[in-house]
Amino acid sequence: MFSLLNQSPTFTLTNQNHFRNFSNKAYDAIIVGAGSIGVPTSFKLQESGLKVLVIDQKASPGQGDNKCAIGGIRATHGNDSKILACIRSLEVFSTWEEKHGHNIEWLKGGYSFPCYREKEENDLKSLLPLQKGYGMKIDYISADDIKELIPGINTNGLRGGTWSPNDGSASPMLSSFAFYKYAKGLGVDFKFKEKVVKILKNENNKVVGVKTVKDTYSAPIVIDAAGSWSTELMRSVGINIDLVPDSHEAAITEPTEKFFTPMVVDLRPGKGSKNVYFYQNGLGQLILCITPDPPIKGTNRQETSSFLPMISKRVISLLPRLKNVRYRRTWRGVYPMTPDGAPIMGWNKELKGLYMATGMCGQGFMCGPGLAETIEHDINGNLNKDDKIILEFTNPYREYKGMEKIK
Ligand SMILES: Cc1cc2nc3c(=O)[nH]c(=O)nc-3n(C[C@H](O)[C@H](O)[C@H](O)COP(=O)(O)OP(=O)(O)OC[C@H]3O[C@@H](n4cnc5c(N)ncnc54)[C@H](O)[C@@H]3O)c2cc1C
């Protein structure tokens with residue numbers, strides 16, 4: 001377990017010799033990465049009274065893998081930790097516009113996993129007691145109810161499926177921009193187009209800041225929120241982390257009349273893919289994604305020619321009425337994948353003051369605001385019961401065995 005888990009940030013920034021060579025750019029915490037995790041973490045930390053700097057190599061917030069996410073947000077997961085984190089995230093996304101006035105295209109469309117085989121039916125049903133135990137609105141509904149929820153769905157062999165009406169979606173780009181605006185308003189500093197090339201440490205093996213391509217900045221805490229670039233960042237201080245990024249593609253269509261609300265997830269494997277999932281956004285555009293099988297390891301973000309034929313075949317067989325809808329665009333991004341599919345979050349034991357918030361796999365957008373709250377509590381030495389459950393699951397020093405049943 002962590003030796004540093006409950007440490008509080010009793011670091012002070014004044015009169016410390018190791019800061020004398022820095023410019024006067026001193027902060028309480030520096031976050032590397034203005035993505036799905038970095039931006040919400042910045043405002044949580046600043047709200048708690050810390051002075052925060054976020055640095056990103058891109059030109060604006062959310063331009064890493066955040067902008068590749070299709071925007072799905074659900075709390076109906078298969079383990080306590082993700083349920084707890086995403087209950088908080090749902091609260092943030094669903095109330096953002098009301099509280100802060102920015103439209104992030106939150107859509108309470110729900111999630112539905114239609115089932116055609118006993119295996120998926122049993123797997124999904126086995127999770128219901130856990131999910132309901134957290135007060136979640138989710139049920140296994142009949143094939144007739146699924147037909148009503150997703151008009152035109154292929155009914156051949158349809159057994160029923162789950163329906164969780166309180167889950168939904170939001171625009172990852174609008175969300176990160178809204179979070180950024182709010183963070184800026186609180187006083188968080190952002191530096192863009194500035195790659196962090198090294199995390200700096202002192203002779204006592206303690207973080208003292210970062211060096212970028214342009215400057216150096218000091219802080220006793222550095223948070224790695226660099227997503228699929230984390231391996232490279234960590235190497236700058238000789239730390240190896242177990243990230244194996246793999247790539248996923250997505251597509252968006254022209255708008256059509258709105259005829260269903262949920263994120264539809266078909267868990268059956270197909271040729272070259274595991275599950276396929278899609279929803280209709282507020283404009284009626286379909287946004288679709290597939291999980292390649294076997295995974296396409298690496299960080300290549302160039303779209304492939306095999307993706308559209310593959311996903312079209314699967315989606316049209318599930319919902320034949322989509323056969324004439326035209327695509328507008330495809331894109332490819334990277335999941336910062338860990339061997340067991342769970343994030344890597346917590347204090348690093350090898351380097352004091354280094355906080356890991358990476359390895360978000362395929363759910364960093366939806367987990368972002370929820371995990372940000374735990375990061376803030378951990379950094380301020382203020383963990384509650386839920387945070388401890390979350391951190392046990394994300395412990396960087398766990399065994400990395402097994403994989404969640406439904407991902
Ligand atoms: C096709 C696709 C669909 C997806 N759909 C969903 C979905 O529906 N729901 C969901 O929750 N998730 C989804 N995801 C996953 C989600 O996109 C990721 O889990 C999430 O974006 C990871 O967040 P992050 O903050 O760790 O990384 P990022 O958002 O990539 O942020 C990391 C940031 O760090 C910056 N950075 C890295 N290294 C440095 C450095 N050395 N110096 C300065 N800056 C640096 C990068 O430029 C980047 O902006 C999807 C992903 C893909 C590819």
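As the structure lists them, so they are numbered: ligands from 1, and atoms in each ligand from 1.
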Without placing hydrogens or testing angles, list every side-chain donor-acceptor pair under 3.5 Å for residues 53-61, not counting sequence neighbours.
| from | atom 1 | to | atom 2 | distance (Å) |
| --- | --- | --- | --- | --- |
| Asp56 | OD1 | Lys58 | N | 2.8 |
| Asp56 | OD2 | Ala34 | N | 2.6 |
| Ser60 | OG | Gln63 | NE2 | 3.3 |

Please determine, by modelled atom types, if Tyr217 and Glu194 share a side-chain donor-acceptor pair under 3.5 angstrom.
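A donor-acceptor contact under 3.5 Å links the two side chains.
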
Pairs of nitrogen or oxygen atoms, one from ligand 1 and one from the protein, closer than 3.5 Å: please tabulate them with distances.
| from | atom 1 | to | atom 2 | distance (Å) |
| --- | --- | --- | --- | --- |
| ligand 1 | 5 (N) | Ile70 | N | 3.1 |
| ligand 1 | 8 (O) | Gly71 | N | 3.3 |
| ligand 1 | 8 (O) | Gly72 | N | 2.9 |
| ligand 1 | 9 (N) | Gly72 | O | 3.1 |
| ligand 1 | 11 (O) | Gln363 | O | 3.4 |
| ligand 1 | 11 (O) | Phe365 | N | 3.2 |
| ligand 1 | 11 (O) | Met366 | N | 2.7 |
| ligand 1 | 12 (N) | Gly362 | O | 3.0 |
| ligand 1 | 17 (O) | Asp65 | O | 3.0 |
| ligand 1 | 19 (O) | Cys361 | O | 2.7 |
| ligand 1 | 19 (O) | Gly364 | N | 2.9 |
| ligand 1 | 21 (O) | Ser36 | OG | 2.8 |
| ligand 1 | 21 (O) | Asn66 | N | 3.2 |
| ligand 1 | 23 (O) | Ser36 | OG | 3.4 |
| ligand 1 | 25 (O) | Ser36 | N | 3.1 |
| ligand 1 | 25 (O) | Ile37 | N | 3.0 |
| ligand 1 | 29 (O) | Ser36 | N | 3.2 |
| ligand 1 | 29 (O) | Asn66 | N | 3.0 |
| ligand 1 | 30 (O) | Asp65 | N | 2.7 |
| ligand 1 | 41 (N) | Val196 | O | 3.0 |
| ligand 1 | 42 (N) | Val196 | N | 2.8 |
| ligand 1 | 44 (N) | Gln57 | N | 3.0 |
| ligand 1 | 47 (O) | Asp56 | OD1 | 2.7 |
| ligand 1 | 47 (O) | Gln57 | NE2 | 3.0 |
| ligand 1 | 49 (O) | Asp56 | OD1 | 3.3 |
| ligand 1 | 49 (O) | Asp56 | OD2 | 2.6 |

Is there a donor-acceptor contact under 3.5 Å from the side chain of Asp28 to the main chain of Ala219?
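Absent.
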
Flag, side chain of Arg88 to backbone of Gly370, donor-acceptor distance under 3.5 Å
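Judged by distance alone, yes, a pair lies under 3.5 Å.
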
Could you tell me which residues satisfy side chain to side chain contact (heavy atoms under 4.5 Å, CB included) with Cys86, sequence neighbours excluded, listed by chain and number?
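So Cys86 forms a side chain to side chain contact (heavy atoms under 4.5 Å, CB included) with Ala75, His77, Met366, Cys367.
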
Set of ring-ring contact (aromatic ring centres under 6.0 Å, His included) partners for Tyr140, sequence neighbours left out
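Tyr140 satisfies ring-ring contact (aromatic ring centres under 6.0 Å, His included) with no residue once adjacent residues are dropped.
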
